[in-house]
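First up is the structure itself, then whatever we jot down about it.
Counting begins at 1 with the first residue of the sequence.
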Amino acid sequence: TPRAVNSLCEKVKEETAVDVGRVEYIASQPWPLGLSSPQLMIGCRGEATSDQIQVDTHELEDARFFSCEEIREYYAGDRQGTPPVRLPPATAIGRHLILHTVGVPSADLQL
């Protein structure tokens, strides 16, 4: 929905100073904030239209850009050196978003 896309773009800008253009919905999962107020977490892929990151350390520990190739090579290869990014747990929507974006089925990755 336009409201969700606007919220996503505002949140990314607020937490990283990165502008987001095109946004694509990928998936969703329940986000149990409490028994009386369950919410839905949506997972989207957005296209950055700026490349300067300024992290709001009250919201995030770190924010960086990685190419799909960097992630595919590390996780599908022999894993030499430090990983470019530590993937979230298998049950997390974030992991599925990363795998979807880099185009590598989870069964092909050595995690």
Side-chain angles (χ1 to χ4, degrees):
T1 68
R3 183 175 176 194
V5 169
N6 288 340
S7 295
L8 176 137
C9 294
E10 289 171 6
K11 198 67 171 162
V12 171
K13 179 74 170 178
E14 173 187 315
E15 295 181 3
T16 65
V18 173
D19 293 314
V20 177
R22 191 175 71 86
V23 174
E24 174 188 9
Y25 168 83
I26 306 295
S28 61
Q29 76 178 46
W31 185 349
L33 290 177
L35 295 176
S36 63
S37 64
Q39 297 190 15
L40 185 67
M41 181 186 322
I42 63 167
C44 297
R45 177 173 54 191
E47 183 177 302
T49 58
S50 61
D51 61 2
Q52 298 299 310
I53 299 173
Q54 190 172 23
V55 176
D56 175 349
T57 56
H58 296 289
E59 296 286 340
L60 298 175
E61 182 179 315
D62 190 17
R64 294 176 279 162
F65 287 111
F66 300 96
S67 71
C68 292
E69 185 175 298
E70 286 177 282
I71 295 171
R72 274 194 304 265
E73 284 180 1
Y74 181 81
Y75 285 100
D78 60 9
R79 296 167 150 229
Q80 296 296 313
T82 304
V85 62
R86 185 183 53 193
L87 293 179
T91 57
I93 194 170
R95 181 188 195 95
H96 298 283
L97 291 171
I98 292 168
L99 297 178
H100 177 83
T101 299
V102 302
V104 176
S106 58
D108 292 348
L109 294 175
Q110 300 171 12
L111 306 173

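If you take OG1 on T16 and CG on L60, they are separated by 7.5 Å, rounding to the nearest 0.5 Å. Note that CZ of R22 is 12.5 Å distant from OG1 of T49, once rounded to the nearest 0.5 Å. The distance from the CD1 atom of I26 to the CD1 atom of I98 is 12.5 Å, given to the nearest 0.5 Å. How far CD of E24 is from NE2 of H100: 5.0 Å, rounded to the nearest 0.5 Å. Taking CG of D62 as the reference point, atom OG1 of T57 lies at 11.0 Å (rounded to 0.5 Å). Atom OG of S28 sits about 8.5 Å away from atom CD1 of I42, to the nearest 0.5 Å.
Remark: the backbone N or O of P88 is paired with a side-chain donor or acceptor of R95 at under 3.5 angstrom. In this structure, E70 contributes its side chain and S67 its backbone to a donor-acceptor pair below 3.5 Å.
Side-chain contact between M41 and I93: present, with at least one pair of heavy atoms (C-beta onward) separated by less than 4.5 Å. Residues D19 and K13 meet the side-chain proximity criterion, which asks for heavy atoms closer than 4.5 Å.
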- Message: As a quick check of understanding, evaluate salt bridge (charged side-chain N to carboxylate O under 4.0 Å, His left out) for K11 and E14, giving each step before the final call.
- Response: CA-CA 5 Å; K11 198 67 171 162; E14 173 187 315; 3.5 Å; yes

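Looking at every heavy atom in both residues, V23 comes nearest to C44 through CG1-CB, 3.8 Å. Nearest heavy atoms, F65 versus S50: CZ-O, 3.8 Å. Contact record, A48 with V18: CB-CG1, 3.8 Å, taken as the closest heavy-atom pair.
Cluster membership for L97 and V5, using ILVMFWY side-chain heavy atoms within less than 4.5 angstrom, is not shared. Hydrophobic cluster membership is shared by V102 and F66, with clusters built from Ile, Leu, Val, Met, Phe, Trp and Tyr side chains linked at under 4.5 angstrom.
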